[in-house]
Amino acid sequence: MSEHTSLSQDENQIVAERRQKLKAIREKGIAFPNDFKRSHFARELHAKYDGKEGLEAEQIEVAVAGRMMLKRVMGKASFATLQDGSGRIQAYIANDGVGSDSHDEFKRWDMGDIVAISGTLFITRTGELTIKASSIRLLVKSLRPLPEKFHGLTDQEQKYRQRYLDLIMNEYSRDVFAKRSQIVQGVRSYMVGEQYLEVETPMMHPIPGGATAKPFVTHHNALDMPLYLRIAPELYLKRLVVGGLERVFEINRSFRNEGMSTRHNPEFTMMEFYEAYADYHRMMEMTEGIIQSVARQATGGLHIQYQGKPVDLSRFERLTVVEAIKKYNPEYSDEQLHDRAWLKAEIVRLGGKPVVIDGIGGLQFSLFEECTETKLWNPTFIVDYPIEVSPLARASDSKPGITERFELFMVGRELANGYSELNDPEDQAARFMQQVQQKEAGDDEAMHYDADYVRALEFGLPPTGGCGIGIDRLVMLLTDSASIRDVVLFPQMRPE
RNA sequence: GGGUCGUUAGCUCAGCUGGUAGAGCAGCGGACUUUUAAUCCGUUGGUCGCAAGUUCAAAUCUUGCACGACCCA
């Protein structure tokens, strides 16, 4: 059975008719030519010639190509609207410009066809810059009809599954991904400006590490061993700092085998960066600087709107876990926040997970997650994280049980996480052991013991600060997108 | 995992207390040389998400399943 026959089962009349048209084109010559050279993008033409007087007399020759999005036939003359990578441009195709044979051919073209138009510029009586066609060519016959021209594509699922249709039909969507590119570029150039070196470390790890999360597992046939898609690049980047690359960053994917939501995609993009002879205060300054810099580039300022509410990026507040709880939940007393039994009961009352961790810091942190995290709208660094939940962070010299760690929250969610790195190899070994015990006790998100990483630390990791910034979430913030799926080109979906 | 809503033509959507499945766009045929969601006349196109049940009769009522959106965990 040929592919053609097997495909035809789900085809409707429109597709069948277009296949007939393609067949006729094949019989006449080359159906998919690739020798057309264009002279201009649509946007260039608008920028140069919109509203220009006496344009027609100048006889400016242009050649454009793009997808035909609109078509208006009026007997002996027609208009078509082409969309290229830069925008749209209108063409006027008439018997007295291209001849009646060509014009008749144009009438058989369909919306969605990719076409080339050559001619001269003029401005219509309604003031629109238009190409008066002297020759036209069909470059690609489109076999499937586009979504309805006015309402476009609105079905969320189809936008995600068939992103190409979303991009064809929705200028807003194109803008979001153009902005994503600008944001990543802005972050990159900021880092380079700070003398950081961009690196690429493995995405397939023999031992998953650098975060507490469930990994995806795969298998290497030649080595006959399991490999894990990385949950974070952290441990490799710090090995590079051991190696003397004193300022490194990586922007790329990590993978976590967890639930999906408007804020979680199984693969997501993070930037992690590490700087020798820096601590978590410096990392907070970097984080603030990066976000403010790209916000200015992407939105023009530091006062933005997210989902209808203002966000002030000009000031990043710093609060400890306990200070944050008290600020956003003034009903809690100091006494309560230092009472283990009360904390446990309150966490359960708020619907939190049953608490295993017994340390006061861990309990306060759990309460924070339940009652404060989603209330942090303007950028807020939360500092002083309990050691139990921070197995790679340097312990505070002055506060027992506390690490030199921060997380950045805004619009009710976490955007970044950083700390002064733990560079004491013996402490690190002990913390890995503790994680292994937690794993054996049934916590499948707990970390593995990474002997090579400890060995690297034994050679000496300079005092170092490190941080990870969620790029998808940053793009969501700066493009006012409600779902991570709106800023990831091909979000993970169930199979159709 | 729980709740709410949704799934009808290629696309956007109507379809009431159950009674022969509709519109606009797209397509096809026709008119039209400055239109722009072109317009006007005619017309093709459907396993009503899937499965079971109730009923003389189900797009419509019931149950289950699938997929999606939103909210919660």
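In what follows, every chain begins at residue 1, and chains take the letters A, B, ... in the order their sequences are listed. Side chains are part of it too, since the values below use all heavy atoms of this structure and drop only hydrogens, waters and symmetry mates.
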Please round to the nearest 0.5 Å and tell me the distance separating atom CD of A:Glu331 and atom CD1 of A:Ile325. 10.5 Å
The side chain of [X] lies closest to which of these nucleotides: [options]?
X	options	answer
A:Ser483	B:G68, B:C70, B:U34	B:C70
A:Glu17	B:C28, B:C67, B:A26	B:C28
A:Glu148	B:G27, B:G24, B:C67	B:G24
A:Gln156	B:A69, B:U33, B:A26	B:A69
A:Gln13	B:U44, B:G27, B:C67	B:U44
A:Phe79	B:A26, B:G68, B:U35	B:U35
A:Phe150	B:G27, B:A37, B:C67	B:A37
A:Asp110	B:U34, B:C28, B:A69	B:C28
A:Val73	B:C32, B:A26, B:A38	B:C32
A:Thr130	B:A26, B:G68, B:U35	B:U35

Given RNA chain B, 5'-ward residue of the pair A:Asp486 and A:Glu128, judged by closest heavy atom: A:Glu128
Which residue, A:Leu153 or A:Ile123, contacts RNA chain B at a nucleotide closer to its 5' end, judged by nearest heavy atom? A:Leu153
Using the [atom1] atom as the reference point in each nucleotide, state the distance between [N] and [M] in Å, no decimals.
N	M	atom1	value
B:G24	B:U60	P	25 Å
B:A73	B:G64	P	26 Å
B:G2	B:A9	C1'	36 Å
B:A51	B:C16	C1'	27 Å
B:G3	B:U47	P	33 Å
B:C50	B:U8	P	10 Å
B:U7	B:U43	P	29 Å
B:U39	B:C25	C1'	14 Å

Any strand counts, and the cut-off is 3.5 Å on both contacts for Watson-Crick or G-U wobble. Which nucleotide pairs with [N]?
N	result
B:U35	none
B:C61	B:G53
B:G45	none
B:U7	B:A66
B:A23	B:U12
B:U17	none
B:G1	B:C72

Just checking [X]: base, sugar-phosphate only, or nothing, at a heavy-atom cut-off of under 4.0 Å?
X	answer
A:Met74	base
A:Thr154	sugar-phosphate
A:Asp155	sugar-phosphate
A:Lys21	sugar-phosphate

Between A:Ile117, A:Leu82, A:Ile93, which is the residue that forms a side-chain contact (heavy atoms from CB on, under 4.5 Å) with A:Ile131? A:Ile117
Are A:Lys326 and A:Glu323 close enough for a salt bridge, meaning some N to O gap below 4.0 Å? no
Are A:Glu414 and A:Arg263 within salt-bridge range, i.e. N to O under 4.0 Å? no
Within 45 degrees of the ring normal and closer than 6.0 Å to the centroid, is that where the cationic atom of A:Lys309 sits relative to A:Trp377? yes
Parallel, tilted or perpendicular: which fits the ring planes of A:Tyr228 and A:His448, with parallel below 30° and perpendicular above 60°? tilted
Parallel under 30°, tilted from 30 to 60°, perpendicular over 60°: which one fits the rings of A:Phe216 and A:Phe255? perpendicular
Is A:Arg144 close enough to B:C11 that one of its side-chain N or O atoms is under 4.0 Å from OP1 or OP2 there? no
Taking only side-chain N and O atoms of A:Lys149, does any of them lie within less than 4.0 angstrom of OP1 or OP2 on B:A38? yes
